[in-house]
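To start, the structure itself, in structure tokens.
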Amino acid sequence: MEPNELKIREKQAESAEKIAAQGTRVFVCAGTGCVANGSLEIIEKLKEAGINVQTIQEKKMTVVPTGCHGFCEKGALMVIPDLHFTYTKVKLSDVPEIIESIKTGVPVDRLLYVDPITNEKIAKNEEINFYAKQHRTSLCNCGHINPEDIDDAVAIREYEALEKVIRTMTPEEVVKEIMDSGLRGRGGGGFPTGRKWMFTQAAKSPTGKKYVVCNGDEGDPGAFMDRSVMEGDPHKLLEGMAIAGFAVGADEAYIYVRAEYPLAIKRLRIAIAQAEERNLLGKNILGTDFSFSIHIKEGAGAFVCGEETALIASIEGERGMPRPKPPFPANKGLFGMPTLINNVETLANVPLIMLNGASWFASMGTEKSKGTKTFALTGEVNNTGLIEVPMGTTLREVIFDIGGGIRNGKKFKAAQIGGPSGGCLTEKHLDLPLDYDSLIQAGAMIGSGGLVVMNEDTCIVDTAKFFMNFTQSESCGKCVPCREGTKNMLKILDNITKGKAKMEDLDLLQELARSIQAGSLCGLGKTAPNPVLSTLKYFYDEYVAHIKEKRCPAGVCSALRTITIDADKCKGCTKCARNCPAGAIKGEIRKAHEIDQAKCIKCGACISNCPFKAIKEA
């Protein structure tokens, strides 16, 4: 065999023939979101209808369960590339019409995507703004392959980069390629990936043993970027880990994934078994001297285990709590050995860099933030879901082009980016490029990629309280600044939303935030105050309104609501009194009623039950 001749290319041809024999492929999303919307039942009904065995219009058709397509709000999703059909919100009862549309080539009109701006129905996947405005790399195969069939992965050149690396490159050359690409950690901190690889490669192990750990402990509320890769393209992740192992001198690895991701765990186990069977993992991979095995460690779902040292402790069977650094994991990590830790999205980019070259990856993004980034776009936008865009794409492009604008014609108010560790961006930040450095300067951070969009009806103080409640609950309690500081910050925020705070509490809130940032042991504590500090910076007046005026401008904080009855409109029907859970409404039949404000719990039951619209909230 010639030095540059790759065995995997023979397998690519075989796999491609197998897929070609399937004829026209009908992709049905079988990611977690669409499964919840009944996609597995849809797949089975398509199979029962004979779509996998019979010929329709002289063409073989095959239904293919895929991973997440990203457009989760429109699930269950179905894409038929050969016919250029994309069907949204598919239900089990739609299957007969869909089969008929495949026969005739005429789409089912009511299942097509409707653009929220133009109201135009769009059949082609690539013409839907949600997809057309993206640039996918780590997610490029999600929704286009069967994640439980290794032939689908091999046919699209997965594992080619691995063989190229282990046959034709040295570990030093691999590390240099990652360094030159400019890839930075996608898990939150944005540390240069190549430098982390270089440190681990150079580290001396007392036994010669080193480890690679994939951090799949995705704990941010509303974040599902890593889950989508693990569910939709697991072989890309395994390949990236193997390349990393070759580069740093490791022969064993762990994927740490939370137990709340059962589908991801199932597909990773299937992928590992398939790769071992093909000698793409395990001993002497593809006949070389390189061996690499991968294990799965299920985590208990603690947010703090996203921190490197807490994650290591959890794998070792200890309670997931961070430890002081140094020593860093690159020198003393899992079981005391040098350990490389990267998150899922970071590792998923590695095979593409090795296939296409560092300059290809570096050509995307900004000067200091190369490549693309995935975001979980949620909240008050028309198009919610998982997206991937080049670093430096503006917030405006994400929200109004890909996201289709704010729902129900409401006004954009803010966006919380980076999850509970991130910060708040406002209307003046709409043209801010989404990259590591620009966001830090604005008081926010990319984090793992959570992006929650808020409209004019959102209470910023209540939002800050929500994120503080999350981080306080997830604090491991090891260090005093985080354990006690977040508790006291949450108490102050709670008092503000209940009208019990004083203006000096805002100074105390900021003082606590700075102390927590400076004194906390790990990244959870150091970033926990970010949502509060950024909202205080950009929405100070809203905090003041809660404290001084005892008023929630958005009308969200129930303790600050005042509900009254308009005596001129009230007919004395007593319906409000009969439905009041607190017994706060009194009055005689056919006479105007009154609300006892001391008893009123601001639940709004009276408003919703009044047939004469006589009750209003101030």
Side-chain angles (χ1 to χ4, degrees), residues 72-73 116-117 130 220-225 373-387 389 393-434 438-439 442-471 489-490 493-494 496-497 509 527-546 551-561 617:
C72 307
E73 182 185 1
I117 306 300
F130 180 83
D220 289 13
F224 52 101
M225 295 74 67
K373 180 71 188 80
T374 59
F375 292 96
L377 182 61
T378 59
E380 296 299 323
V381 285
N382 285 304
N383 299 332
T384 61
L386 188 66
I387 68 169
V389 293
T393 300
T394 66
L395 187 63
R396 187 186 302 276
E397 290 173 290
V398 168
I399 293 173
F400 292 95
D401 290 345
I402 297 173
I406 308 301
R407 285 178 178 163
N408 303 317
K410 295 283 186 176
K411 185 180 178 182
F412 168 77
K413 182 172 185 176
Q416 173 72 17
I417 188 168
S421 303
C424 202
L425 301 177
T426 68
E427 192 171 13
K428 76 175 187 178
H429 296 112
L430 281 173
D431 294 311
L432 181 77
L434 300 180
S438 298
L439 286 174
M445 62 186 292
I446 280 186
S448 61
L451 183 57
V452 183
V453 179
M454 295 169 269
N455 68 14
E456 58 195 291
D457 296 331
T458 304
C459 174
I460 290 295
V461 184
D462 186 65
T463 300
K465 186 176 79 168
F466 169 81
F467 285 111
M468 182 52 63
N469 182 60
F470 177 83
T471 50
M489 284 187 73
L490 179 60
L493 290 167
D494 190 53
I496 293 173
T497 59
L509 197 60
T527 59
N530 284 353
V532 177
L533 289 173
S534 61
T535 52
L536 275 169
K537 180 178 180 180
Y538 298 122
F539 293 95
Y540 188 80
D541 289 347
E542 199 159 320
Y543 280 86
V544 172
H546 280 72
R551 178 179 65 88
C552 175
V556 171
C557 299
S558 59
L560 301 180
R561 297 162 71 187
E617 177 188 326

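Quick caveat: nothing in here was measured; it's all calculated off a predicted structure. We're numbering straight along the sequence, starting at 1.
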Q) Can you find a heavy atom in the side chain of L425 that is under 4.5 Å from one in the side chain of L439? A) yes

Q.
Would you say that T374 contacts F224 through its side chain, given a criterion of any heavy-atom pair below 4.5 Å between the two side chains?
A. no

Q. How about C557 and R551: do any of their side-chain heavy atoms sit closer than 4.5 Å?
A. no

Q) Is there a donor-acceptor pair under 3.5 Å between the side chain of Q416 and the backbone N or O of V452? A) no

Q) Closest approach of M445 and T527, non-hydrogen atoms and distance? A) SD-CG2, 4.2 Å

Q) Judged by atom type as modelled, is there a donor-acceptor pair below 3.5 Å linking the side chain of H429 to the main-chain atoms of T426? A) yes

**Q.** Main-chain N/O of F400 paired to E397 side chain as donor or acceptor, under 3.5 Å
**A.** no

Q. Would you say the side chain of L490 lies within less than 4.5 Å of the side chain of T471, judging by non-hydrogen atoms?
A. no

Q.
Under the side-chain contact (heavy atoms from CB on, under 4.5 Å) test against V398, which residue among I417, L430, I387 passes?
A. I387

(Q) On a heavy-atom basis, which atom in A545 and which in P553 lie closest, and how many Å separate them? (A) CB-CG, 3.9 Å

**Q.** Any donor-acceptor N/O pair, K373 side chain to S448 backbone, under 3.5 Å
**A.** yes

Q. Are any non-hydrogen side-chain atoms of T535 and V461 less than 4.5 angstrom apart?
A. no

